[in-house]
Amino acid sequence: MGGAAVTPTEVGALDRHARWEGVRALVLGFGASGFAAADNLTHLGATVTAVADAATPEQLEKAELLEILGARVRLHEGATATLPEGIDVVVTSPGFRPDSPLLTQAAARGVPVWGEVELAWRLRDPGPDGPPAPWLVVTGTNGKTTTVRMLDAILRADGRRSIAVGNVGLPVVEAVMDPAPYDVLAVELSSFQLHYTDSLSAESAAVLNLAEDHLDWYGGSFDAYAADKGRAYHAVHRACVYNVADPVTEQLVRDADVVEGARAVGFTLGTPGVGMVGLVEDILVDRAFIEQRQSSAAELVTVGELYSPAPHFVANALAAAALARAHGVSQAAVRDGLRGFTPDAHRIAVVAQAEGITWVDDSKATNPHAALSSLSAYESVVWIAGGLAKGARFEDLVATARERLRGVVLLGRDHEVVAQALSRHAPDVPVILVEAREDGGVVDVPDLMTRVVEAAARMAAPGDTVLLAPGCASMDQFTDYAHRGEAFAAAVQQRH
């Protein structure tokens with residue numbers, strides 16, 4: 001391609017073995033995925049400019065390294081406002097909306113915009129021994145990380161060299177560029193990541209569920225959000241796994257343009273039909289991937305062998321099992337992988353049991369759908385809720401869960417959104433608002449959580465669960481959901 005301008009057609013043909021010299025790439029954002037994209041594009045020989053509006057000390061160190069290797073890195077306020085002249089392709093971090101200034105300029109000039117996931121798909125290496133490692137993709141509003149980690153555990157139990165990548169942690173481009181190829185990738189993708197993919201063709205994919213979330217990113221359009229989730233099914237060539245209880249996920253399968261021969265496989269907490277996975281009494285079973293599926297089902301694991309019997313946890317296990325079975329994994333490996341699986345922190349984690357009360361940290365429940373799933377696992381709950389609602393509503397959650405609510409403790413900037421839903425649909429449930437105390441504009445987090453826990457303890461009785469499942473994001477008062485969960489656990493443990 002030399003030093004001449006690269007045409008859009010030439011950009012579209014770029015892959016692992018193309019000549020990247022002369023390709024002028026701009027990487028928008030310098031988080032984990034942005035750095036991975038910039039680093040690997042520089043390694044391939046592209047002329048790379050990376051931009052972000054701010055940087056941590058660690059990112060500044062990485063920037064120095066990239067500049068030594070030949071990249072240009074601009075990490076300062078205003079760096080993402082303007083698209084430089086002569087850029088052939090933009091690789092954007094998922095946090096940037098399509099209407100952000102630089103991406104708007106790229107669209108106006110006809111410059112292709114990829115996400116790091118799209119770049120990773122193009123950089124897969126067939127290698128000398130066969131095709132690239134297949135991708136098993138997991139998306140949905142809630143349960144993605146737990147499901148993809150379950151899937152990875154099952155694949156490893158079957159002896160596969162697997163890794164969980166994407167929104168779960170390691171950028172996908174790092175995995176595909178690893179000198180020691182993986183057998184298979186368990187890939188968690190957010191709607192933002194999927195928005196910036198075009199050529200992705202997963203072996204199998206699952207959309208776990210869909211509920212209102214991130215509507216601020218989508219201009220309030222649930223349909224646009226759902227359409228991006230549905231991109232996971234595009235060009236799937238083995239199995240599209242959907243949630244029988246969520247008809248929107250099934251419709252996304254029906255609408256998908258898949259490779260001929262791909263199957264639709266439902267998962268259900270009820271008795272599965274032919275071609276599904278589900279429950280028979282307390283046993284997870286497969287009626288999709290056995291020859292005798294018309295008349296029988298294969299036992300995978302019992303509910304009692306799982307980390308939690310919570311319905312949403314069991315549903316995640318079924319989805320992971322379906323993806324693994326579609327890949328050819330044995331029944332025994334599904335059983336062994338799920339038996340030994342423990343979810344990441346701040347996901348339905350019991351932090352204390354005292355005086356007949358169970359204290360549970362599900363700080364990762366950052367939207368109403370996730371909070372309702374968590375609430376549904378317990379009979380009598382003192383619910384700790386509130387934070388940044390991100391445009392979501394709580395009417396359906398409260399109307400569904402009100403019989404389980406012994407009391408509610410509210411905190412956070414958008415607590416009034418939850419309070420209004422409670423006053424309309426559960427007016428008899430006692431509510432305590434705990435407001436933060438600030439010192440110089442900084443929330444006194446230990447004091448806040450101590451008072452939240454004390455308020456919850458006053459409401460709770462033996463047999464109750466005190467559940468931190470806020471249904472909201474955390475960044476109004478905490479660094480992130482983990483900080484919120486850690487503060488809750490510390491306050492509970494201090495009390496007991």
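All residue numbers refer to positions in the sequence shown, counting from 1. No hydrogens, no waters, no symmetry mates; every other heavy atom, side chains included, goes into these values.
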Run the numbers on Asp362 and Arg347 for salt bridge (Lys or Arg N to Asp or Glu O under 4.0 Å), then give the verdict.
-> CA-CA 5 Å; Asp362 200 13; Arg347 293 165 170 84; over 6 Å; no
Under the side chain to side chain contact (heavy atoms under 4.5 Å, CB included) rule, what do Ser201 and His237 come out as? Steps first, then yes or no, please.
-> CA-CA 7 Å; Ser201 176; His237 50 93; 3.8 Å; yes
Apply salt bridge (Lys or Arg N to Asp or Glu O under 4.0 Å) to Glu67 and Arg74, showing your working.
-> CA-CA 10 Å; Glu67 289 185 322; Arg74 301 291 179 264; 3.7 Å; yes
Check the pair Val466 / Ile384 against side chain to side chain contact (heavy atoms under 4.5 Å, CB included), numbers first and verdict last.
-> CA-CA 7 Å; Val466 176; Ile384 301 171; 3.8 Å; yes
Starting from the C-alpha separation in whole Å, work towards a yes-or-no answer on ring pair (Phe, Tyr, Trp, His ring centres under 6.0 Å) for Trp114 and Tyr196.
-> CA-CA 5 Å; Trp114 301 342; Tyr196 294 113; over 10 Å; no
Under the salt bridge (Lys or Arg N to Asp or Glu O under 4.0 Å) criterion, do Arg484 and Asp480 qualify, and how do the steps go?
-> CA-CA 7 Å; Arg484 179 169 60 190; Asp480 51 25; over 6 Å; no
Let me see the working for Asp125 and Arg16 under salt bridge (Lys or Arg N to Asp or Glu O under 4.0 Å), right down to the final yes or no.
-> CA-CA 6 Å; Asp125 187 5; Arg16 177 70 163 265; 3.8 Å; yes
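In terms of heavy-atom proximity, Arg231 sits nearest to Thr197 at NH1-O, 2.5 Å.
Gln493 places no side-chain N or O within 3.5 Å of a backbone atom of Ala490 that could act as its donor or acceptor partner. Side-chain atoms of Arg238 come within 3.5 Å of backbone atoms of Ala326 as a donor-acceptor pair (strictly under, hydrogens ignored). With hydrogens and angles disregarded, a donor-acceptor distance shorter than 3.5 Å links the side chain of Lys229 to the backbone of Gly140. Checked by atom type and distance alone, the side chain of Thr479 never pairs as donor or acceptor with a backbone atom of Met475 at under 3.5 Å. Counting only distance, with no hydrogens or angles, the side chain of Thr249 and the backbone of Tyr242 share no donor-acceptor pair below 3.5 Å. Panel note: side chain Glu174, backbone Leu170; no donor-acceptor pair is recorded below 3.5 Å.
Looking at heavy atoms from C-beta onward, Glu438 lies out of side-chain contact with Asp444 at the 4.5 angstrom threshold.
Between Arg495 and Glu454 there is a salt bridge, since at least one side-chain N of the basic residue sits less than 4.0 Å from a carboxylate O of the acidic one.
Separating the CD atom in Glu188 from the CG atom in Leu151 is a distance of 11.5 Å, to the nearest 0.5 Å.
Considering only residues two or more places apart in sequence or on other chains, His425 meets the side-chain hydrogen bond (donor to acceptor under 3.5 Å, both in side chains) condition with Glu395.
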